[in-house]
Amino acid sequence: MTLLKIAQVGTPVLRTVAEPVSPEALASADIQRFIDDLIETMHDARGAGLAATQVYRPIRICAIEVNDNPRYPYKPNIPLTVLVNPVLTPIGDETFENYEGCLSVPDMRGVVSRHARLRVQALDRDGNTIDQEVAGITAGTFAHEVDHLDGKLFLDRVSDTRTLCTWKAFAMHHEDQFRRTVESVVARYGS
Ligand code: NI
């Protein structure tokens with residue numbers, strides 16, 4: 001496996017709308033190897049997710065996993081999930097305020113409003129249909145990754161730029177309050 005280079009904000013590929021992946025391409029050794037590398041790179045960088053656009057390959061694939069992540073210690077765990085050609089549809093109109101960061105946006109976090117419940121339709125890496133609901137903090141993570149496939153960064157969704165902060169400033173000034181937000185979201189939505 002190969003660790004892939006992660007594009008940083010300002011790199012044009014991050015603003016690319018990624019191309020759908022055909023079932024034939026998905027089954028190819030090339031794409032299967034790429035998915036292994038995407039997962040390996042996500043683990044190495046301790047991301048909660050990583051989208052193909054972030055590693056200079058604008059195709060509609062992203063990986064998500066939270067397993068006691070030290071970068072986001074308050075995030076509920078998410079089993080390893082690979083989404084191919086994902087479509088997210090909000091369920092209801094409830095939202096919550098999510099303090100997000102991104103491997104493509106070094107040392108910056110900000111508050112983004114996310115839908116609290118989403119229907120996720122996609123293929124898994126074997127071409128099987130995924131049709132599930134996600135909620136709460138987990139829904140925020142899914143929405144963040146799928147945004148990447150549409151050329152969007154969390155920065156685009158930060159409506160109050162006064163929430164922007166470095167990771168150090170987050171830890172010093174915002175983490176305690178955000179942990180309480182996470183606790184209330186998890187209590188309400190179960191994830
Ligand atoms: Ni990101």
Side-chain angles (χ1 to χ4, degrees), residues 1-66 69 71-72 75 78-91 95 98 100-106 108 110 112-115 117-135 137-158:
M1 279 184 273
T2 309
L3 290 179
L4 305 169
K5 191 169 152 73
I6 300 175
Q8 300 292 284
V9 58
T11 308
V13 70
L14 291 171
R15 297 314 196 164
T16 307
V17 177
E19 293 291 328
V21 180
S22 71
E24 298 74 27
L26 179 58
S28 69
D30 169 46
I31 296 282
Q32 289 295 316
R33 194 178 316 113
F34 170 73
I35 291 170
D36 289 338
D37 293 343
L38 187 71
I39 293 167
E40 184 81 358
T41 303
M42 173 178 72
H43 287 162
D44 181 73
R46 295 188 162 173
L50 191 62
T53 45
Q54 289 181 274
V55 291
Y56 296 83
R57 191 151 181 183
I59 57 176
R60 301 189 78 80
I61 297 178
C62 61
I64 295 167
E65 183 178 33
V66 178
N69 189 320
R71 185 174 152 94
Y72 302 101
K75 266 191 199 267
I78 306 173
L80 177 62
T81 305
V82 173
L83 300 177
V84 180
N85 303 334
V87 176
L88 302 183
T89 309
I91 300 169
T95 60
N98 201 26
E100 300 195 7
C102 179
L103 294 173
S104 293
V105 183
M108 185 69 74
V112 177
S113 178
R114 294 291 189 189
H115 288 283
R117 294 183 193 277
L118 295 171
R119 181 181 182 187
V120 183
Q121 294 169 287
L123 299 177
D124 69 14
R125 67 179 296 171
D126 299 316
N128 301 309
T129 300
I130 294 173
D131 190 343
Q132 65 178 96
E133 288 184 25
V134 290
I137 303 299
T138 297
T141 302
F142 275 63
H144 177 115
E145 295 313 320
V146 174
D147 266 356
H148 276 300
L149 303 180
D150 291 322
K152 292 197 179 81
L153 298 174
F154 81 88
L155 296 171
D156 308 338
R157 297 194 183 275
V158 173

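Basis for what follows: all heavy atoms, side chains included, without hydrogens, waters or symmetry-related copies.
The closest side-chain heavy-atom distance from T141 to K75 is below 4.5 Å. A 4.5 Å side-chain heavy-atom check between V105 and L155 finds at least one atom pair inside the cut-off. Two residues are said to be in side-chain contact when any heavy atoms from C-beta on lie closer than 4.5 Å; T89 and Q121 meet this criterion. Residues L153 and V9 have side chains in contact (heavy-atom distance under 4.5 Å, counting atoms from C-beta outward).
Taking CG of L103 as the start and OG1 of T41 as the end, the distance is 10.0 Å to the nearest 0.5 Å. The line from CD1 of I59 to CG of L38 is 8.5 Å long, rounded to the nearest 0.5 Å. Of the inter-residue distances, the one linking S104 atom OG with I6 atom CD1 reads 6.5 Å to the nearest 0.5 angstrom. Here the straight-line distance linking atom CD1 of I78 with atom CD1 of I137 works out to 9.5 Å at 0.5 Å rounding. Atom-to-atom distance recorded for C62:SG and H144:NE2 is 10.0 Å, nearest 0.5 angstrom. Atom CZ of R119 is separated from atom CG of D131 by 4.0 Å, given to the nearest 0.5 angstrom.
Closest heavy-atom contact between T11 and Y56: CG2-CE2, 3.8 Å. Residues F154 and R114 share a closest heavy-atom pair of CB-NH2, 4.5 Å. Between I130 and Q132, the shortest heavy-atom distance links the atoms CG2-OE1, 3.5 Å. For the pair L83 and A122, the tightest heavy-atom approach, listed with the atom from each and the gap, is CD2-CB, 4.0 Å. For R125 against V82, the heavy-atom pair with the smallest separation is CB-CG1, 4.2 Å. Nearest heavy-atom pair across Y72 and C102 is OH-N, 4.0 Å.
With salt bridges taken as basic N to acidic carboxylate O contacts below 4.0 Å, none links E100 and R157.
Checked by atom type and distance alone, the side chain of Q32 pairs as donor or acceptor with a backbone atom of L26 at under 3.5 Å. Formation of a donor-acceptor pair under 3.5 Å by the T138 side chain with backbone atoms of V134 is not found in this model. Here the side chain of Q54 pairs a donor or acceptor atom with the backbone of A51 at under 3.5 angstrom. A donor-acceptor pair under 3.5 Å is absent between the side-chain atoms of T95 and the main chain of H115, judged by distance alone. Counting only distance, with no hydrogens or angles, the side chain of R60 and the backbone of L149 share a donor-acceptor pair below 3.5 Å. In terms of modelled atom types and a separation under 3.5 Å, the side chain of S22 and the main chain of P20 share no donor-acceptor contact. With D37 contributing its side chain and T2 its backbone, the two residues share a donor-acceptor pair below 3.5 Å. The backbone N or O of R71 sits less than 3.5 Å from a side-chain atom of N69, completing a donor-acceptor pair.
Under the side chain to side chain contact (heavy atoms under 4.5 Å, CB included) test applied with V55, the options L50, L3, I61 reduce to a single match, L50.
Within the structure, every pair that satisfies the salt bridge (charged side-chain N to carboxylate O under 4.0 Å, His left out) test and touches residues 9-26, not counting sequence neighbours, is listed here: R15-D156. Annotation: salt bridge (charged side-chain N to carboxylate O under 4.0 Å, His left out) contacts involving residues 46-58, sequence neighbours excluded, comprise D30-R57.
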(message) Before you tell me yes or no, could you show the steps for H43 and E65 under side-chain contact (heavy atoms from CB on, under 4.5 Å), namely the whole-Å CA-CA distance, both residues' side-chain angles and the distance that decides it to 0.1 Å?
(response) CA-CA 9 Å; H43 287 162; E65 183 178 33; 2.4 Å; yes
(message) Using side-chain contact (heavy atoms from CB on, under 4.5 Å), reason through N85 and V21 one step at a time and then give a plain yes or no.
(response) CA-CA 7 Å; N85 303 334; V21 180; 3.9 Å; yes
(message) Quick one, I91 with E133, criterion side-chain contact (heavy atoms from CB on, under 4.5 Å). Give me CA distance, side-chain angles, the key distance, then yes/no.
(response) CA-CA 9 Å; I91 300 169; E133 288 184 25; 3.5 Å; yes
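Under the side chain to side chain donor-acceptor pair (under 3.5 Å) criterion, Q8 pairs with no residue at all, not counting sequence neighbours.
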